[in-house]
There are 2 protein chains.
Amino acid sequence: MVSSKYIKPTESELEILRILWERNKASVRDVHEELSKTKEAGYTTTLKLMQIMFEKGLVGRDDSFKTHVYHPVVSREKTQKQLLGKMITNLFGGSSTELVIHALGNHKASPEELEEIQQLLNNLKKQ
Amino acid sequence: MVSSKYIKPTESELEILRILWERNKASVRDVHEELSKTKEAGYTTTLKLMQIMFEKGLVGRDDSFKTHVYHPVVSREKTQKQLLGKMITNLFGGSSTELVIHALGNHKASPEELEEIQQLLNNLKKQ
DNA sequence: AGCAAAATACGATTTTATTCGTAAAACAAT
DNA sequence: ATTGTTTTACGAATAAAATCGTATTTTGCT
């Protein structure tokens, strides 16, 4: 166990990871174009960020083509778990239930999704 | 509408806010002692942080006593909502349901809490 | 080969956050 | 009033994050 594994992505890095998680692979340009939809930033800024993420080991890349192709290394699940934990502690006084209620309250969920949650809830109740 | 109102608290500021939300009021020393339980930091560091938060308008203070007494200005709810939103977007691909499932899955909830969630779920289903 | 376009490398600057030392002020107790 | 303790004010150092300009490299095309 050498590592590590607890590199906490910064805000900007998360935005980039989001895109990589979605697409599995993407070039700097791909990412930058997607980012530009919601954010103001120069191309080299995105590039630099992704290079730094590469150095940190947050992402990997294939440089056998002209254009480097990046992919996520840290998993979405681990990152979710890590950050959720912090959020629950600092923001919801340790109560995951409170977080659930907030999340459900503030955002729309489809009937299918509600059903999915119902299933999960049923399972939890049984135990 | 002068403001503003979207000052995003930093990590350290959140830790302090957490304590203030819990207690409603607290001196720097109170906060610092609480913080010290889980974190290494000098007293003046905590002081400075709280002074900065005061300047930013995140907290208020009563300085009519010897020891200043601080209180939160930004509400827990607004801050929760703000940060949850970001988290859902970047970490859960926009799906609040996924977040709910994660939160429910990773942390224990009591029967009472489960019931509370069930209620909420019932309400949502009706609509 | 020679040129233009697109991409990367890299250094530097700027901005924001965090940490802390030192000094001044406020107060309490004798 | 003097002294010691606690607190605040403030400036500065450090560290971390984000931004960007410029140079170089790679590649595709004629």
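Below, chains carry the letters A, B, ... as their sequence lines are ordered, and counting in each starts from 1. All of these numbers come straight from a predicted model, not from anything done at the bench.
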Side chain of [X]: nearest nucleotide among [options]?
X: B:Ile52; options: D:dA9, C:dA7, C:dT18; result: C:dT18
X: A:Lys66; options: D:dA9, D:dT27, D:dA17; result: D:dT27
X: A:Lys48; options: C:dC10, C:dT19, D:dT8; result: C:dC10
X: B:Thr67; options: D:dT27, D:dT7, C:dT18; result: D:dT7
X: A:Thr44; options: D:dT7, C:dA9, C:dA7; result: C:dA9
X: A:Ser12; options: C:dT8, D:dT19, D:dA18; result: D:dA18

Tell me whether the OP1 or OP2 atom of [N] has a side-chain N or O from [X] closer than 4.0 Å.
X: A:Arg29; N: C:dA7; answer: yes
X: A:Gln51; N: C:dA9; answer: yes
X: B:Arg61; N: D:dT7; answer: no

How many whole angstroms separate atom [atom1] of [X] from atom [atom2] of [N]?
X: A:Leu47; N: D:dT26; atom1: CG; atom2: P; answer: 15 Å
X: B:Tyr43; N: C:dT18; atom1: OH; atom2: P; answer: 19 Å
X: B:Glu11; N: C:dT16; atom1: CD; atom2: C1'; answer: 15 Å
X: B:Leu49; N: C:dG21; atom1: CG; atom2: P; answer: 15 Å
X: B:Ile16; N: C:dT18; atom1: CD1; atom2: P; answer: 9 Å
X: B:Ile7; N: C:dT16; atom1: CD1; atom2: P; answer: 13 Å
X: A:His32; N: D:dC20; atom1: NE2; atom2: P; answer: 9 Å
X: B:Glu55; N: D:dG11; atom1: CD; atom2: C1'; answer: 13 Å

Next on the checklist: Ring centres under 6.0 Å, that's the criterion: do B:Phe54 and B:His68 meet it?
Outcome noted: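 Centroid distance B:Phe54-B:His68: not below 6.0 Å, so no.
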Item to check | Whichever of B:Ser27 and A:Phe65 has its nearest DNA chain D nucleotide further upstream toward 5' | outcome: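 By nearest-heavy-atom nucleotide position, the 5'-most residue is B:Ser27.
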Item to check | Residue whose nearest DNA chain D nucleotide is more 5′ - B:Val69 or A:Thr45 | outcome: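 Here B:Val69 is the residue nearer the 5' end.
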Next on the checklist: With heavy-atom distances below 4.5 Å as the criterion, would you say the side chains of B:Lys56 and B:Glu13 are in contact?
Outcome noted: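 B:Lys56 reaches B:Glu13 side chain to side chain.
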Checklist entry - Do other residues, nucleotides or ligands put more than 12 heavy atoms under 6.0 Å from the NZ atom of B:Lys25? => result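 Not more than 12 within 6.0 Å, no.
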Checklist entry - Is a donor on one side and an acceptor on the other found under 3.5 Å between the side chain of A:Thr79 and the backbone of A:Ser75? => result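 Yes, because the side chain of A:Thr79 sits within donor-acceptor range (under 3.5 Å) of the backbone of A:Ser75.
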Item to check | Donor-acceptor contact below 3.5 Å, side chain A:Gln80 vs main chain B:Leu91 | outcome: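 Judged by distance alone, yes, a pair lies under 3.5 Å.
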